[in-house]
Amino acid sequence: MSETEKVADRPSAGPPPANSVDRFFKISARGSTFAREVRGGFATFFTMAYILVLNPIILGSAKDKFGDQLDNVQLVTATALVAAVMTIIMGVGGNLPLALAAGLGLNAVVAFQIAPLMSWDDAMGLIVLEGLLICVLVVTGLREAVMHAIPQPLKQAISVGIGLFIAFIGFVDAGFVTRIPDVANTTVPVQLGGTGALAGWPILVFCLGVLLTIGLLARKVKGAILISIVTMTIVAIVINEIADIKSWGLTTPKIPDDVVASPDFGLLGDFSLFGAFGEASVITVVLLVFTLILSDFFDTMGTVVGISAEAGLLDEEGKVPNLGRVLLIDGAAAVAGGAASASSSTSYIESAAGVGEGARTGFANLVTGGLFGLALFMTPLLTIVPLQAAAPALVAVGFLMMTQVKHIDWDRYEIAIPAFLTIAVMPFTYSITNGIGAGFLAYVLIKTVLGKAKEVHWLLWGTSVLFLIYFAIDPIEQVLGVK
C-alpha cells in the first residue's frame, strides 16, 4: 500500500489468538487487546449516552397531526433497547467498533416535519419503510458499490471533515461555543461561551477535561480518554454538591436517588407501514422518504469510512472490511428504530471515542451494547455523566481524525477543491451528508470542466444528481405544489 493510502496509527498484527473469542473478533490480529476493547466500549457509551436523554426530549416534545405526544419513559426504553440490540448485532455481524442509536437530525425531521402531517404510527411506519428500502439497496449491492466508487482522497477528506465536525459537536455540547440569537442583529453566527466569554463551573469542567485529555494523549497514557471522562465526572459531581449551579444542560452530575428504573415497552410495534399515504399526498410521502434515505445513506457512509480509517482497518484499496454486512445491519437498525418508535437508528460518529481508546473490533460493541442494556434498568445511574465531562473526548478524537489531512494531495485542484469543500461544509452546516454532497458535486464538476468526465464513475454521476435534488428540494417541492 502506498504512503498516501495509509491511515494514522494503523495497528500492526499482534500475536496468535489466545482463545476462540479472540479468534472470532480478530482482536490480536488487528493489534488490539481485550483491555483496549473494553476501554473503547466504555468510552463510546459515555460519549453517546446523551441520546438516552436527548432523543426522548426531541420526540416527546412534538405533537402529531392529532395532537398526541409520545410518553417520555417509553421513549427512554425504546431508545436504549434499540441501541443495545443493534450495537451488539453490529459487533457480532460486522466486527467493527461502530455503535448505533437513534440518529440526531433524523429524529428532528420525524418530530417536527413528518409527525405534524400524520399520526405517530404513520410517521414511524415511514422510518420502517425507509430502512427496508435501504436494506434493498444493500442486497442489490448498490450501496456498497457507491462506497467503492469514491476516490481514496475523498474518503480521506470525509474522515477529516468528520473530525472537525465531531470536535465542533464537542465544543457546542459543552457550551464552550454557542449560537448567537438572531435578535442580536449580528453577522457572527457563534460565540465563545454563552455571552462571548467563558463563565460558570460547567465550562470549567469542560476546559479542564480538554487539558487533561490532551495531556494524557501526549504522554501516551493507556485509557487516556476514559480516564478523562471518569475523572471529570467525579469532579463535576463534587462541584455540583458544593456550588450553586443553575443548569448543566441535559444531564446533571449527581448521585441519583434511585439506581434502578423500570422499563416501559409500550411503544414497541406501534407503527403503520403504509398509513402515511392516507394522511398526506403521494408526492409528499415520496419526498419525505427520499430525504430520510439520502440523509441516512450518506451519514452512515461517512461514519463507516471515517471510523474504519481512524482504526486503520481500510484495506489496500481503501475498502471497509465486511462492508456488505455492516451496511445491511445499519439498514436493519433504521427498521428497528421505526418499529420501536425510537426514530431511525444509525451508526454513531461518537464511536470514534472508542477507537481513540484503542478499540479495533466488534468486541467493544458488546461492552457498549451491554451498557445500553443496563440502561434499560439503570438509567438514573448510567446517565450521570454530564456533557461537559464527555465532550473533551470528542475534541481529542477530532484531532486524531484531522491528522489524515496530510494524505490529501493539495497541489491537485481536481482533488483538493472537492476535499476542501467536503471538510469545510460538514462542520459549517452541522451535517455529514451536506459535506459529502458538496464534495461529490465539486468533484464531478471539476472533472467535467477539465475534460476528464470519463474518469468519474457512473455511480458518482448518479449520486451527484441525487444530491442536486437534495440541495434543491425546496424549489422542487414548490414546483410540484407540495408546499
Side-chain angles (χ1 to χ4, degrees), residues 55-56 58-60 62-71 74-75 77-86 89-90 93 100-143 264-300 325 327-347 466 469-470 473 477 480 482:
N55 194 49
I58 292 174
L59 293 177
K63 295 181 179 180
D64 66 9
K65 181 179 179 179
F66 306 101
D68 296 326
Q69 289 181 278
L70 299 177
D71 180 78
Q74 293 178 339
L75 284 171
T77 298
T79 302
L81 179 64
V82 174
V85 173
M86 297 313 303
I89 290 176
M90 178 64 81
L100 299 96
L104 285 176
L106 288 172
N107 57 6
V109 171
V110 174
F112 305 116
Q113 185 176 346
I114 298 179
L117 302 176
M118 58 195 70
S119 71
W120 281 112
D121 288 0
D122 297 335
M124 293 304 169
L126 282 188
I127 297 297
V128 174
L129 184 60
E130 170 242 338
L132 290 173
L133 290 174
I134 286 180
C135 289
V136 171
L137 293 177
V138 175
V139 172
T140 58
L142 183 61
R143 197 178 189 189
D264 187 337
F265 300 97
L267 288 177
L268 269 64
D270 285 353
F271 70 95
S272 175
L273 192 57
F274 299 109
F277 291 92
E279 298 292 341
S281 68
V282 175
I283 293 177
T284 298
V285 174
V286 169
L287 288 176
L288 287 173
V289 173
F290 171 77
T291 301
L292 289 170
I293 288 177
L294 204 62
S295 296
D296 205 343
F297 190 109
F298 288 101
D299 264 19
T300 295
R325 277 182 284 172
L327 296 179
L328 184 60
I329 293 169
D330 183 83
V335 176
S341 294
S343 182
S344 180
S345 288
T346 188
S347 302
L466 292 178
I469 297 172
Y470 171 76
I473 195 69
E477 288 178 337
L480 295 176
V482 176

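Just so it is clear, the values below take in all heavy atoms, side chains as well, and ignore hydrogens, waters and symmetry mates. Given the structure is predicted, the values throughout are model-derived calculations rather than measurements.
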key: Close side-chain approach of F271 and I127, heavy atoms under 4.5 Å   = no
remark   = With sequence neighbours left out, the residues meeting side chain to side chain donor-acceptor pair (under 3.5 Å) with K63 are none
message = Under the rule for side chain to side chain donor-acceptor pair (under 3.5 Å), what residues qualify as partners of S345, not counting sequence neighbours?
response = none
inquiry  = List the residues meeting side chain to side chain contact (heavy atoms under 4.5 Å, CB included) with L328, not counting sequence neighbours, and say none if there are none.
reply    = C135, V138, V139
query = N55: what forms a side chain to side chain donor-acceptor pair (under 3.5 Å) with it, not counting sequence neighbours?
reply = T79, N107
request  = For V285, check side chain to side chain contact (heavy atoms under 4.5 Å, CB included) against everything at least two apart and list the hits.
outcome  = L126, A276, F277, A280, V289
ask   = Which pair of heavy atoms, one from S343 and one from L59, lies closest together, and at what distance?
value = CB-CD1, 4.1 Å
ask   = When you check the side-chain N and O atoms of D270 and S341, is any donor under 3.5 Å from an acceptor?
value = no
Enumerate, atom names and distances included, each donor-acceptor pair closer than 3.5 Å involving a side-chain atom of residues 116-125, sequence neighbours excluded.
{"residue": "S119", "atom": "OG", "partner": "D122", "partner atom": "N", "Å": "3.2"}
{"residue": "S119", "atom": "OG", "partner": "D122", "partner atom": "OD2", "Å": "3.0"}
{"residue": "W120", "atom": "NE1", "partner": "D68", "partner atom": "O", "Å": "2.8"}

task = Just grab all the salt bridge (charged side-chain N to carboxylate O under 4.0 Å, His left out) pairs involving residues 275-293, residues at least two apart or on different chains.
result = K65-E279
ask   = Among pairs that include at least one residue of residues 104-114, which meet salt bridge (charged side-chain N to carboxylate O under 4.0 Å, His left out), considering only residues two or more places apart or in two chains?
value = none
inquiry  = Quick check: closest heavy atoms across L273 and L129, and the distance to 0.1 Å?
reply    = CD1-N, 3.9 Å
key: Student check: side-chain heavy atoms of D296 and L292 closer than 4.5 Å   = no
Per-pair distances, 0.1 Å, donor-acceptor, side chain in residues 329-339, under 3.5 Å, sequence neighbours excluded:
{"residue": "D330", "atom": "OD1", "partner": "T300", "partner atom": "OG1", "Å": "3.3"}
{"residue": "D330", "atom": "OD1", "partner": "S347", "partner atom": "N", "Å": "3.1"}
{"residue": "D330", "atom": "OD1", "partner": "S347", "partner atom": "OG", "Å": "2.9"}
{"residue": "D330", "atom": "OD2", "partner": "R143", "partner atom": "NH2", "Å": "3.4"}
{"residue": "D330", "atom": "OD2", "partner": "T300", "partner atom": "OG1", "Å": "2.9"}

